[in-house]
Amino acid sequence: MKKLLLYAFVAIVSVAAFSTDSYAQKLTKKQQKALAEEQAQRAADSIARAKDSIAKLDAMMVDGVQMTFKHTDHNFGSQESGADISYDFEFVNTGKADLVITNVSTSCGCTTPQWTRQPIKSKEKGVITVKYDSSRIGQFSKTITVYSNASNSPVVLQIRGNVNSKQKN
């Protein structure tokens with residue numbers, strides 16, 4: 001991931017340098033030299049910022065930000081249509097630095113996640129609440145993908161069960 005970011009950055013800097021070539025041809029030698037030095041300095045500054053960002057990311061990984069779930073799978077069993085089908089996936093930040101959840105995505109629009117938005121300090125708990133639309137009749141199996149700054153990111157959670165139509169009396 002870090003190498004990909006660095007390669008992308010170098011590619012952007014290269015495109016910027018080549019896009020000024022036609023402009024540079026209209027300048028005097030002295031102006032061309034000054035422009036080249038300015039571009040080189042900007043590139044060096046950008047690379048230094050990228051390396052600093054990578055170092056910060058490494059430090060977070062070294063600190064072992066880890067998201068540890070009590071359970072990563074939940075079976076609702078059989079439920080009746082219209083029932084409240086939701087589950088709280090509890091987790092603990094077992095690392096040394098703050099845990100930040102950046103996104104939670106689901107495999108289907110019928111599943112809605114809610115999660116702790118503020119940074120979770122070391123040894124503190126958080127919750128991801130997942131709600132399934134019980135108006136959909138039949139068996140279901142859905143995944144919820146949790147993205148964070150943890151070394152074990154992404155974490156995949158799963159819910160499953162069966163929704164039966166309401167019994168008419």
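No hydrogens or angles considered: a donor-acceptor pair under 3.5 Å links the side chains of Ser141 and Gln158. Judged by distance alone, the side chains of Thr111 and Thr106 never bring a donor and an acceptor atom under 3.5 Å apart. For the residue pair Asn75/Asp73, the side-chain donor-acceptor check at 3.5 Å is not satisfied.
Using a 4.5 Å heavy-atom cutoff, the side chains of Val146 and Pro154 are not in contact. Side-chain contact between Val156 and Thr72: absent, with no pair of heavy atoms (C-beta onward) separated by less than 4.5 Å. Between Leu99 and Asn149, some side-chain heavy-atom pair lies under the 4.5 Å cut-off.
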Run the numbers on Met67 and Asn152 for side-chain contact (heavy atoms from CB on, under 4.5 Å), then give the verdict.
CA-CA 7 Å; Met67 186 178 227; Asn152 62 330; 3.9 Å; yes

side-chain contact (heavy atoms from CB on, under 4.5 Å) assessment of His71 paired with Tyr87:
CA-CA 11 Å; His71 303 284; Tyr87 184 74; 3.7 Å; yes

What do the steps show when you test Cys110 against Lys142 for side-chain contact (heavy atoms from CB on, under 4.5 Å), and what is the final call?
CA-CA 9 Å; Cys110 58; Lys142 304 298 174 186; 3.6 Å; yes

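Although no hydrogens or angles enter the test, the distance criterion places a donor-acceptor pair under 3.5 Å between the side chain of Ser134 and the main chain of Gly82.
Contact record, Ser135 with Ser81: CA-OG, 4.0 Å, taken as the closest heavy-atom pair.
Going from atom CD1 of Ile137 over to atom CD of Glu80 covers 9.0 Å, rounded to the nearest 0.5 Å. A distance of 14.5 Å separates CH2 in Trp115 from CG in Asp88, rounded to the nearest 0.5 Å. Rounded to the nearest 0.5 angstrom, Thr68 OG1 and Lys125 NZ are separated by 12.5 Å.
No close placement of the Phe91 and Phe89 rings is indicated, their centers lying 6.0 Å or farther apart.
Cluster membership check: Ile120 shares its hydrophobic cluster with Phe69, using side-chain heavy-atom separations under 4.5 Å among Ile, Leu, Val, Met, Phe, Trp and Tyr.
For Phe76, the ring pair (Phe, Tyr, Trp, His ring centres under 6.0 Å) criterion is met by His74, not counting sequence neighbours.
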